[in-house]
Amino acid sequence: MDTYYLSHGSPTLSIDESLPARPFLKSWRSQVMPGVRPRAILVVSAHWDTRSPEINVINGTNDTIYDFYGFPKPMYKLKYPAPGAPLLARKARDLLLNAGFGPIKEDTNRGLDHGAWVPLLLMYPDADIPVCQLSLQSDRDATYHYNMGRALAPLREEGVLIIGSGSATHNLRALAFDNKPPPTWAIDFDNWLKDAVLNRRYDEVNHFYEKAPSAKLAQPWPDHFYPLHVAIGAAGGNPVSELIHTSWSAGSLSYTSFRFKSPAANE
């Protein structure tokens, strides 16, 4: 099973037909993963940030969390009642504990935040695949999250789809809603990201604040970028990468997304 980094952008992705990322995600089963049905899905979302790792262990149906404010009312009526994945959650917990990531809290109440359910609503609209979420730690560095992904890599062999959900650029103070083109700093960072990832310069990606142009403008806080590092690490070793989507909205918000394949899969 390949791993993925998806830029989920604005929560309006759930209803806004004008966003190019929307048809991309809706074509997931026919274009990105045709004929492949995950046994379960593990999502690391930018919108669950904790001091130490936490994982949701839901025995019934995941609640839909509306962790956004002031958006159109129809968005608050959307539901994504995917079943929980308690067995996967506990296997992920054990892998992380064995790799030295601890303590790890089991959350038996938390559902899916919009970083998880909004893309999944488009990708797997039947909500019939078990899903669990793992938190990130924004006070740690990118290498920590890369190593977290490495610890989770064995799950791929069990048919688990691992998704890092964030945003390739994410400066909410620099959004524009008047159809302006992306600013130079956003384009420069996005181009650097594509070049570094596609040429497998993952050490640079792990040190993006030092290596990337305009990194502090593009990612003032690292929470929307660390899911990328988890996805890279979870693919194992030095994965082969593929750009699967790129588009923009709100001026500076990039939807650049990647697939990561284990090197062994290409031998």
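As the structure is a computational prediction, the values presented were derived from the model and not from experiment. Nothing fancy with the numbering, it's 1 onward along the sequence.
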### Query
Donor-acceptor pair, Asp195 side chain versus Asn191 backbone, under 3.5 Å?
no

### Task
Look at the side-chain heavy atoms of Ile, Leu, Val, Met, Phe, Trp and Tyr, link any pair under 4.5 Å apart, and say whether Phe258 and Ile232 land in one connected group.
yes

### Task
Assert yes or no for the condition that the ring centre distance of Trp28 to Tyr4 is strictly below 6.0 Å.
yes

### Message
Could you tell me if the side chain of Ile163 sits less than 4.5 Å from the side chain of Leu42, heavy atoms only?
### Response
no

#### Entry: Residue pair Ser252 / Thr169: nearest heavy atoms and the distance that separates them
O-OG1, 2.6 Å

### Query
Under 3.5 Å, is there a donor-acceptor pair linking the side chains of Asp188 and Ser214?
no

### Query
Mind checking whether Leu152 and Ile162 have side chains closer than 4.5 Å, heavy atoms only?
yes

### Task
Give the C-alpha distance, both sets of side-chain angles, the deciding distance and a yes or no for side chain to side chain contact (heavy atoms under 4.5 Å, CB included) between Ser135 and Gln137.
CA-CA 7 Å; Ser135 69; Gln137 287 73 63; 3.2 Å; yes

### Query
Would a hydrophobic clustering, with Ile, Leu, Val, Met, Phe, Trp and Tyr connected at side-chain separations under 4.5 Å, put Tyr209 with Val197?
yes

### Task
Could you label the plane-to-plane angle of the Phe208 and Tyr226 rings as parallel, tilted or perpendicular, counting under 30° as parallel and over 60° as perpendicular?
perpendicular

### Task
Apply ring pair (Phe, Tyr, Trp, His ring centres under 6.0 Å) to His8 and His47, showing your working.
CA-CA 11 Å; His8 62 253; His47 296 280; 5.1 Å; yes

### Task
Would you indicate whether the side-chain heavy atoms of Thr61 and Pro83 approach each other to under 4.5 Å?
no

### Query
Between Ser241 and Leu198, which heavy-atom pair has the shortest distance, and what is it?
OG-CA, 3.2 Å

### Message
If I take atom CD1 from residue Ile129 and atom CD1 from residue Ile41, how far apart are they, to the nearest 0.5 angstrom?
### Response
4.5 Å

### Query
Do Trp185 and Ile187 come within less than 4.5 Å of each other through their side chains, counting heavy atoms only?
no

### Query
Where the side chain of Ser247 meets the backbone of Pro20, is there a donor-acceptor pair that is under 3.5 Å apart?
no

### Message
Tell me whether Val44 shares a hydrophobic cluster with Trp221, the cluster being built from Ile, Leu, Val, Met, Phe, Trp, Tyr side chains joined at under 4.5 Å.
### Response
no

## Note on the structure
Between Ala153 and Gly233, the two heavy atoms sitting closest are CB-O, 4.4 Å

### Task
Measure from the ring center of Phe71 to the ring center of Tyr66 and say whether it is less than 6.0 Å.
no

### Message
Looking at Arg110, I want to see if its CZ is surrounded by more than 12 non-hydrogen atoms of other residues, nucleotides or ligands under 6.0 Å.
### Response
yes

### Inter-residue atom distance Ile15.CD1 - Lys73.NZ, 0.5 Å rounding
13.0 Å

### Query
Do Asn62 and Asn56 pass the side chain to side chain contact (heavy atoms under 4.5 Å, CB included) test, and can you show the C-alpha distance, the side-chain angles, and the key distance before you say yes or no?
CA-CA 9 Å; Asn62 278 293; Asn56 75 333; 3.1 Å; yes

### Message
How long is the straight-line distance from CG of Leu161 back to CE of Met33, given to the nearest 0.5 Å?
### Response
5.0 Å

### Message
Using modelled atom types and a 3.5 Å cut-off, is there a donor and acceptor pairing between side-chain atoms of Arg156 and backbone atoms of Asp2?
### Response
no

### Query
Which heavy atom in Leu175 sits nearest to a heavy atom in Leu253, and how many Å separate them?
CD2-CB, 4.3 Å

### Message
Can you tell me if Arg51 has over 12 outside heavy atoms packed within less than 6.0 Å of its CZ?
### Response
no

### Message
Hydrophobic clusters here meaning ILVMFWY residues chained together by side-chain heavy-atom distances under 4.5 Å, can you tell me if Val57 and Leu155 are in one?
### Response
yes

### Task
Using modelled atom types only, decide if a donor and an acceptor are shared between the side chain of Arg200 and the backbone of Pro239 within a distance under 3.5 Å.
yes

### Task
Determine the interplanar angle of the Phe225 and His229 rings, folded into 0 to 90°, and report it as parallel if under 30°, tilted if 30 to 60°, perpendicular if over 60°.
perpendicular

### Message
Can you classify the ring geometry of Tyr255 versus His245 as parallel (below 30°), tilted (30 to 60°) or perpendicular (above 60°)?
### Response
perpendicular

### Query
Are any of the side-chain heavy atoms of Tyr80 and Leu112 separated by less than 4.5 Å?
yes

#### Entry: Ser7 backbone acceptor or donor facing Ser167 side chain under 3.5 Å
no

### Task
Kindly compute the distance separating OG (Ser10) from CG (Leu19), expressed to the nearest 0.5 Å.
7.0 Å

### Task
Could you grab the distance from atom CZ of Arg140 to atom CG of Asn147, nearest 0.5 Å is fine?
10.0 Å

### Query
Taking NZ, NE, NH1 and NH2 as the nitrogens, is one of them in Lys211 or Asp203 under 4.0 Å from a carboxylate oxygen of the other?
no

### Met75 to Thr12 - nearest heavy-atom pair and separation
CE-N, 3.8 Å

### Task
Could you walk me through whether Thr246 and Lys194 pass side-chain hydrogen bond (donor to acceptor under 3.5 Å, both in side chains), step by step?
CA-CA 10 Å; Thr246 187; Lys194 292 171 185 172; 3.0 Å; yes

### Message
I want to check something: taking the side chain as every heavy atom from C-beta on, are Leu228 and Leu193 in contact at a cut-off of under 4.5 Å?
### Response
yes

### Query
Which word best sums up how the rings of Phe260 and Tyr202 line up, parallel for under 30°, tilted for 30 to 60°, or perpendicular for over 60°?
perpendicular

### Message
Tell me whether Glu106 contacts the main-chain N or O of Arg93 through its side chain, where contact means a donor paired with an acceptor under 3.5 Å.
### Response
no

### Message
If we ignore hydrogens and angles and just use 3.5 Å, is the side chain of Thr3 paired with the main-chain N or O of Ala231 as donor and acceptor?
### Response
yes

### Task
Establish, from distance only, whether the side-chain atoms of Asp141 and Thr143 form a donor-acceptor pair under 3.5 Å.
no

### Message
Side chains of Arg37 and Arg29, heavy atoms from C-beta outward: is any pair under 4.5 Å?
### Response
no

### Task
Report the C-alpha distance between Gln133 and Ile55 in whole Å, list the side-chain angles of each, state the deciding distance to 0.1 Å, and finish with yes or no for side chain to side chain contact (heavy atoms under 4.5 Å, CB included).
CA-CA 6 Å; Gln133 271 198 244; Ile55 196 159; over 6 Å; no

#### Entry: Joint cluster assignment, Val131 & Val32, ILVMFWY side-chain distance < 4.5 Å
yes

#### Entry: Asp190 (side chain) donor-acceptor with Ala186 (main chain) under 3.5 angstrom
no

### Task
Verify, without hydrogens or angle tests, whether Asp126 (side chain) and Asp128 (backbone) share a donor-acceptor contact under 3.5 angstrom.
no

### Query
Checking salt bridge (Lys or Arg N to Asp or Glu O under 4.0 Å) for the pair Glu158/Arg39: CA distance, chi angles, key distance, verdict?
CA-CA 8 Å; Glu158 300 178 13; Arg39 182 180 65 81; 3.7 Å; yes

### Query
Heavy-atom distance under 4.5 Å between the side chains of Leu122 and Arg22, does that happen here?
yes

### Main-chain N/O of Arg201 paired with Asn199 side-chain donor or acceptor, under 3.5 Å
no

### Task
Would you check, one step at a time, whether the test side chain to side chain contact (heavy atoms under 4.5 Å, CB included) holds for Leu25 with Leu13?
CA-CA 10 Å; Leu25 290 170; Leu13 181 64; 3.7 Å; yes

### Query
For Asp223 and Ser138, what are the C-alpha separation, side-chain angles and deciding distance, and is it a side-chain hydrogen bond (donor to acceptor under 3.5 Å, both in side chains)?
CA-CA 5 Å; Asp223 52 349; Ser138 65; over 6 Å; no

### Query
Which pair of heavy atoms, one from Ala151 and one from Phe101, lies closest together, and at what distance?
CB-CE1, 4.5 Å

### Summary
Distance col, row Cys132:SG vs Asp107:CG, nearest 0.5 angstrom, shows 12.0 Å

